[in-house]
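Values in this document were obtained by computation on a predicted structure and should not be read as measured data. Whatever order the structure lists them in is the order used to number ligands and atoms, beginning at 1.
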Amino acid sequence: MTNKDLKHSAMKKHNFYAGPSILPQYTIEKTIEGIKDFAGTGLSVLEVSHRSKEFVDVMNQAQALFKELLNIPDDYSVLFLQGGASTQFAMIPFNLLNKKAAYLDTGAWSSKAIKEAKGFGDVTVVASSKDKGYNYIPKNYNIPTDADYFHITTNNTIAGTEIKEDIDSPVPLIADMSSDIFSRPVDVSKYALIYGGAQKNLGPAGATFVIIKNDILGKVNRHIPTMLNYKTHIDKGSMFNTPPVLAVFSALQTLKWLKDNGGVAAAQKRNEEKAKILYDEIDRNKLFSAAVPNEADRSLMNITFVMNDNYKQYEQDFLDFAAQRGIVGIKGHRSVGGFRASTYNALPKESVEVLVKAMQDFEKQVS
Ligand SMILES: *Cc1c(COP(=O)(O)O)cnc(C)c1O
């Protein structure tokens, strides 16, 4: 397959998968180039030492661009680890939970993080939206001031809710931003730690990013295995052992693309515009309803909606109808049902417009 063929086959599809998910065509092409000939070495990026000058350069550039794009203060480190966001659910309390931690329960991923933390100390769940299938963000909760940290999931990939502001916390704030990192500007100084899997908005699966304030460590007495100790990775610039070389190389291409396209502020504008087009149609179309009733809580990254009761029998028909137009990945998560359209940074507005047109045409067809 030539580059041209790939471009064509990728362009034919409108990719709404939740993760792994759409990446910029730039990232795909630059990754192919690097696999064939990496930085003029005559070798593939798959077969060079991670200690080579060329790869050390990639790691340094990726960390520097991360810091530049998110305006990360100097006393923070950017790490690329392995094990996914799911390993962070345990690594965070392992390193930081001394006596008690506070968590906000906004969905399946929060619940998994809470479950892991319970193995390391007391866990206070300050509020939960489980009573309504996680279709809203709880407000007016109290964060205990004696907690070692407060953990939130800013974007709930499955339910389709999002905390779009950087909240104030009296204790160190930790956020799972797996599915909304780089979708908007973030005031990193308000957080002690931000983490996520790369495979939603950044690069291929295999890298886990961690933005960590260097001075939050050293407060627990337990023995921490070397690889699960943040200090190991901070001290070695994320190069203690072999990092996920290809995933970091590929993520760097996305970071370059993002910078060339105006950075996170411009991405936020595009994301708001795309989300508005789709939510407006969901609200207008008599076949569908948004899964998240409160507009302020609706995610800009994972737009969840259901078919209204009178039309429920057409759910599969709509998926088939959409598939004929090249729309893929809109089936809702198995725990929620209905539909979910993920509108990450790399998804063009045109794909949203094609989905909206399909919703309109399907409405005319069945009513
Ligand atoms: C996908 C996702 C996870 C799980 O990430 P893995 O890298 O597969 O462990 C955790 N949290 C959120 C918010 C996610 O979207």
Tell me whether Lys100 is salt-bridged to Asp146, with the criterion being a basic N under 4.0 Å from an acidic carboxylate O. yes
Salt bridge flag under 4.0 Å for residues Glu281 and Lys357: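 So Glu281 does not pair with Lys357 through a salt bridge.
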What atoms in ligand 1 come closer than 4.0 Å to a heavy atom of [X]?
X      : value
Gln199 : 5 (O), 6 (P), 7 (O), 8 (O)
Asn155 : 13 (C)
Phe89  : 10 (C)
Thr153 : 13 (C)
Gly84  : 7 (O), 9 (O)

Side chain or backbone, does [X] bring an N or O within less than 3.5 Å of an N or O on ligand 1?
X      : answer
Lys200 : yes
Gly83  : no
Ser86  : yes

Under 30°, 30 to 60°, or over 60°: which ring-plane class applies to Phe94 and Phe120, parallel, tilted or perpendicular?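 Tilted, since the angle between the ring planes falls between 30° and 60°.
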For Tyr141 and Phe150, take the angle between the two ring planes, folded into 0 to 90°, and tell me which bin it lands in: parallel under 30, tilted 30 to 60, perpendicular over 60.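 Tilted.
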Which residue holds the protein heavy atom closest to atom 11 (N) of ligand 1, what is that atom called, and what is the gap in Å? Asp176 OD2, 2.7 Å
For atom 5 (O) of ligand 1, grab the closest protein heavy atom and report residue, atom and distance to one decimal in Å.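 Protein heavy atom with the smallest distance to atom 5 (O) of ligand 1: Ala85 CB, 3.5 Å.
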Just heavy atoms, cut-off under 4.0 Å: does Ser178 contact ligand 1 by side chain, backbone, both, or neither? side chain
Using side chain to side chain donor-acceptor pair (under 3.5 Å) as the criterion, list what pairs up with Ser169, not counting sequence neighbours. none
Set of residues satisfying side chain to side chain donor-acceptor pair (under 3.5 Å) with respect to Glu54, sequence neighbours excluded: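 Side chain to side chain donor-acceptor pair (under 3.5 Å) list for Glu54, sorted by chain: empty.
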Just checking, Lys53 and Phe55: is the charged tip under 6.0 Å from the six-membered ring centre and within 45° of the axis? no
Taking atom types as modelled and ignoring hydrogens, do the side chains of Tyr344 and Asn271 form a donor-acceptor contact shorter than 3.5 angstrom?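 Short answer, no.
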